[in-house]
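In what follows, every chain begins at residue 1, and chains take the letters A, B, ... in the order their sequences are listed. On a predicted model such as this, the values are computed, not experimentally measured, just so you know. Because only heavy atoms are used, hydrogens play no part in the values below, and waters and symmetry mates are left out as well, while side chains stay in.
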Amino acid sequence: MEGLIYFLKGGRMTSELDKRIDRYTPAAIEEKWRERWASSGLHNTPDVSDKPNFYFLTMFPYPSGEIHVGHWYAFAPPDAAARFLRMRGHNVLFPMGFDAFGINAENAAIDRGMHPAVWTEKNMAHMREQFNRMGAAIDWRREVVTCYPEYYRWNQWMFLKLFEKGLAYRGEAPVNWCPRDETVLANEQVINGRCERCDTLVVKRQMTQWFYRITQYADELLKFEGLDWPERVRVLQTNWIGRSEGAELAFPVEGNSGDEIRFFTTRPDTIYGATFMVLAPEHPLVAKITAPAKRAEVERYVESARNMAEIERTSTEREKTGVDIGAFARNVFTGERIPIWIADYVLATYGTGAIMAVPGHDERDFAFATKYRLEIREVVSPDGKEHDHLDAPYMGEGIMVRSGPVSGRRTDDGKKAVADEAKKRGIGGPSVIYRLRDWLISRQRYWGTPIPIVHCERCGPVPVPYEQLPVVLPRDVEFTGRGGSPLTHVASFVNTTCPKCGGPARRDTDTLDTFVDSSWYMYRYVDPKYDKAFMNKDAGKKWLPVQQYTGGVEHAILHLLYMRFMAKALRDLGEVWFDEPALRFRYQGNIVFRGRKMSKSRGNVETPDAYVEKYGADTLRLFMMFMGPWVDGADWNASGIEGVHRFLRRVWELTQSDTEASGSRDADVDRAVHRTIAKVTDDLQTYSFNTAVAAMMEMSNVLQHASGPSRDEGVATLLLLLAPFAPYMTEELWERRGGRGSIHRQSWPTYDPKIAAPKEVTLVLQIDGKVRDRVTAPAGIAQPAAEKLAMESPKVKAALDGRRIERTIFVPDRLVNIVTRQSS
RNA sequence: GGGCGAGUGGCGAAACGGCAGACGCGUCAGCUUUAGGAGCUGGUGCUCGAAAGAGCGUGAGGGUUCGAGUCCCUCCUCGCCCACCA
């Protein structure tokens, strides 16, 4: 069969027999071109060519083992978009790699006894093969794999650079701990109080960990200037960073210790209503200032808060609890002595871990005060009148009452007045805080980048000297799944000497969060084998920043925020020359299966291989793009795949049949062709793949019923338009029709608006907005002529009977609407 | 509880404020075929009607407009994100 296809190539079929034999056989065609493209290096991208460079990046996958339909959805449409840009005259870098570190590999090792490195290699080999079957135009020479020492040594290098700059630090903080994975998690990896990976309830633990100081860039990360990113992603990031303006103030603790409680508030104007204070149970002052009589009760409460799962503790449904610690602070504005409580509704990790409670004007404080019979005082009134009793807290703006010298002011004005007054008295002043916390980057896991730090009893944490990088992850370890990270048990790795004093020391056994790996991989693609720096800057200058980035919305906060942070940090280290790593971002929606996320544990992962086998990769690519709007994702249902396959077969048949070399042009066909060029070009720029495919289907329907030179040219044009979508079949047909070189190296067709413009239009005739008739008119018909046509319509005449014409609306080439009034 | 997004045929969907349902799936009828399949031609929102045609139709209700799936308000349902953030 295959031989026959080769034999027949280029020739037009004449007999019925030949026609039947020379059918579309995707399997043979696709294999043939996979080999040819690989050997000719068709997808290799030079750093310099006669065309302008364009860096088109799609988020690299985790090597989970299988390219599933979700991957196809993420990669096939961007591949088409990248191919389109190539035909439009760009030198497009479309690289691929693997985000190869991570906990799954380690779990596979524990479950199956296979080393994570072996498991990962096996998976990558399979997935590369699947990428190739997809027909993705990937330059594999530029592949990046994050678990190789030549990659992660630069991860370590960056860590040390950030450490020098104070952007990486070791600190004690209440952190998220997953008891099952036995590791800490970043805030961003806790989903509904559960571990992102294994769904186990996360608890808070006080631990010493490594952090990247992302909060230093909070304000800059809120700016999206010059970025063409979807509104949705910008909003998600903005909310995640959570900027709040207010004041940070301090009230002294009663007694001689000189202690004070610092707190943040967005409502300094309500300070005269602060009738008590609340500390987080973990607040460092608790142990110090608790009254001896209350100590036992307080300790019990602190202990129970510590053991509570994060989700339970922060549940809004739960009734508030707390304990009076028997200490007092002074509200320096009212001069009053106010009680200090601890309660777990105050979070140690936000602000200063302490609040002034204003029950009259805060819901949570109101609920707490009501339960524990604490004073609720009105200090803001909507109308300026004082009320003796509040049934509910009043959170709105208004006139300040019972507020000493600032009474009678409006709250917006009072905010500033109180903050200024506090500053004058030396107890604080205006302040801004963020919801965003520093990025916790250390993990107690094996399969990741070792943190290049040595702990010396005498010198403390000491950076590994740059010339000793990489700190290689030891291969021989035992995977038991218990007893913490396997690294802690590898004596040859752990025991070392201090680079500073030469004394005995221990290596840090934590590894870096894999989101660190992926925060800079786009710089590595330009020259992944470069061994003098994390990036070959000469090559990088030709490509970066990324002009188009695509990936799933689920990374809107995690990866996309870390990636932006890393670019800014590297910029401040003098290592990159731009503020933002990716100028334009577009996301695809999720592919779900019967309304649920596909996952191996649910056993509902759909593999594309069977469809590729049956219909070919071109069909599956096209189907992925035809299903619906790319941003919306889809519930996987392959029932429509026959339709796109039939379309490809029809295109194939179009190119097989005889055509008339002579004959006259057909204006209708020419118009359809040029309109389709316009539509597909437009849709590819806006990622509206589904309507682009629909337009090509319409075009092929027109061509099927046409003949002559217009048809022949139309078929050639259709192949070019279809090339980014169905690269294999179009390449085969291009060759058979005697095309020179690869179809993928051809120029994208252009269209003539004059040819695309319709000659005739259908004018809709309306009476009072209701459609009464339709007439055909020459395009560009003027209003008077159109109105005349309308008045000639019998249906319009009938509908106008007994009505007086008030006015007429004319929309060129579209409609005439006659507005009437009942004549009396 | 807050924020964002979405509700259109049996299904996936399309529609610069201007012919609702392009394109495709499914389905029905016809042609073709020994048969199955594939292919081709045509129909297919709902209701009434033999037909011509008429009426009704974009989650519900109101509004703006000559004209609303599209803009505004209220509500309902679903999805995503955040969720005691001071």
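Geometrically, A/Arg621 does not engage A/Trp72 in a cation-pi contact, judged by NZ or CZ lying under 6.0 Å from the ring centre and within 45° of the ring axis.
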Q: Summarise how protein sits on nucleotides 2-11 of chain B as a single string, 5' to 3': B when a protein heavy atom is under 4.0 Å from the base, S for sugar-phosphate-only contact, - for no contact.
A: ----------
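Atom C1' of B/G63 sits at a distance of 25 Å from the matching atom of B/G55, rounded to the whole Å. Comparing B/C84 with B/G21, their C1' atoms sit 48 Å apart, to the nearest whole Å. Look at the C1' atom in both B/C72 and B/G53: the space between them is 37 Å, to the nearest Å. Across the P atoms, B/G59 and B/A54 are found 26 Å apart, a figure rounded to whole Å. Between B/A6 and B/C56, the distance separating the two P atoms is 29 Å to the nearest Å. Comparing B/A22 with B/C11, their P atoms sit 15 Å apart, to the nearest whole Å. Of the P atoms belonging to B/G7 and B/U58, the separation is 14 Å, rounded to the nearest Å. Taking atom P on both B/C75 and B/A20, the two are 31 Å apart, rounded to the nearest angstrom.
Checked by atom type and distance alone, the side chain of A/Arg262 never pairs as donor or acceptor with a backbone atom of A/Ala250 at under 3.5 Å.
A straight line from CG of A/Asp773 to C1' of B/A52 spans 15 Å, rounded to a whole angstrom. Atom OH in A/Tyr350 sits about 12 Å away from atom P in B/A83, given to the nearest Å. We find that CD1 of A/Ile591 is positioned 14 Å from P of B/G12, with the value rounded to whole Å. Regarding A/Asp635, its CG atom lies at a distance of 12 Å from the P atom of B/C80, rounded to whole Å. A/Leu620 places its CG atom 19 Å from the P atom of B/G24, with the value rounded to the nearest Å. Rounded to whole angstrom, the span from the CG atom of A/Leu648 across to the C1' atom of B/G39 amounts to 16 Å. One atom, NE2 of A/His559, and another, P of B/C81, lie 18 Å apart when rounded to the nearest Å. Following rounding to the nearest Å, A/Lys770 (NZ) and B/G57 (C1') show an atom-to-atom distance of 11 Å.
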Report all interatomic pairs (protein N or O, nucleotide N or O of nucleotides 35-38 of chain B) with separations under 3.5 Å.
from, atom 1, to, atom 2, distance (Å)
B/A38, O3', A/Arg649, NH2, 3.3

Restricting both atoms to N or O, compile the protein contacts to nucleotides 15-20 of chain B shorter than 3.5 Å, with distance only.
from, atom 1, to, atom 2, distance (Å)
B/C16, N4, A/Arg814, NE, 3.4
B/G18, N2, A/Gln766, OE1, 3.2
B/G18, N2, A/Asn817, ND2, 3.4
B/C19, O2, A/Arg774, NE, 2.9

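Of the side-chain N and O atoms in A/Ser244, one or more sit less than 4.0 angstrom from OP1 or OP2 of B/A86.
Within the nucleic acid shown, A/Asn690 comes within 4.0 Å of sugar-phosphate atoms alone, with no base atom in reach, counting heavy atoms only. Using a 4.0 Å heavy-atom cutoff across all strands shown, A/Phe626 reaches at least one base atom of the nucleic acid. A/Asn701 comes within 4.0 angstrom of sugar-phosphate atoms only, judged by non-hydrogen atoms across all strands, and of no base. Using a 4.0 Å heavy-atom cutoff across all strands shown, A/His361 reaches no nucleic acid atom at all. A/Arg234 comes within 4.0 angstrom of no nucleic acid atom, judged by non-hydrogen atoms across all strands. Across all strands shown, A/Arg650 has heavy atoms under 4.0 Å from sugar-phosphate atoms exclusively, and none from any base. Contact annotation for A/Val346: base contact, defined as any heavy-atom pair under 4.0 Å involving a base atom. Using a 4.0 Å heavy-atom distance criterion, A/Thr808 is classed as making no nucleic acid contact.
For A/Ala694, counting side-chain heavy atoms from C-beta on, the closest listed nucleotide (B/C66, B/C84, B/C23) is B/C23. Nearest to the side-chain atoms of A/Ser639 among the listed nucleotides B/C84, B/C23, B/C25 stands B/C25.
For A/Arg675, the CZ atom sits in a loose shell: 12 or fewer heavy atoms of surrounding residues, nucleotides or ligands are nearer than 6.0 Å. More than 12 heavy atoms of other shown residues, nucleotides or ligands fall within 6.0 angstrom of atom NZ in A/Lys371. Residue A/Glu363 places its CD atom among 12 or fewer non-hydrogen atoms of other residues, nucleotides or ligands, all under 6.0 Å distant. Residue-environment remark: OH (A/Tyr350) exceeds the threshold of 12 foreign heavy atoms within 6.0 Å.
The aromatic rings of A/Tyr587 and A/Phe585 are tilted relative to each other, their planes meeting at an angle between 30° and 60°. Relative orientation of the A/Trp636 and A/Phe623 rings is perpendicular, given thresholds of 30° and 60° on the angle between their planes. Using a 30° and 60° split on the angle between ring planes, A/Trp439 and A/Tyr562 fall in the parallel class, below 30°.
For the pair A/Gly633 and A/Ile433, nearest-nucleotide mapping onto RNA chain B gives the more 5' position to A/Gly633. Both A/Asp632 and A/Ile641 lie close to RNA chain B; mapped to their nearest nucleotides by heavy-atom distance, the more 5′-ward contact belongs to A/Asp632.
By the side chain to side chain donor-acceptor pair (under 3.5 Å) test, A/Tyr372 pairs with no residue at all, sequence neighbours left out. By the side-chain contact (heavy atoms from CB on, under 4.5 Å) test, A/Asp391 pairs with A/His389, sequence neighbours left out.
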Q. Can you give the dot-bracket line for RNA chain B, where a pair is Watson-Crick or G-U wobble with both atom distances under 3.5 Å, crossing pairs use [ ], and | marks a partner on another strand?
A. (((((((..(((.....[....)))((((((.......))))))((((....))))..(((((..]....))))))))))))....
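With a glycosidic angle no further than 90° from 0, B/G9 counts as syn.
Two residues are said to be in side-chain contact when any heavy atoms from C-beta on lie closer than 4.5 Å; A/Ile641 and A/Lys614 fail this criterion.
Looking at A/Tyr615, A/Trp652, A/Phe626 one by one, the single match for ring pair (Phe, Tyr, Trp, His ring centres under 6.0 Å) with A/His645 turns out to be A/Tyr615. Tested against A/Arg267, the residues A/Thr265, A/Asp269, A/Thr270 include a single side chain to side chain donor-acceptor pair (under 3.5 Å) partner, A/Asp269.
Here the two rings, on A/Phe368 and A/Phe366, have centers that are 6.0 Å apart or farther.
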Q: Evaluate salt bridge (Lys or Arg N to Asp or Glu O under 4.0 Å) for A/Arg234 paired with A/Glu231, printing each intermediate quantity in order.
A: CA-CA 5 Å; A/Arg234 299 202 311 261; A/Glu231 166 83 11; 3.0 Å; yes
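Between A/Asp682 and A/Lys679, no side-chain nitrogen of the basic residue sits less than 4.0 Å from a carboxylate oxygen of the acidic one, so the salt-bridge criterion is not met.
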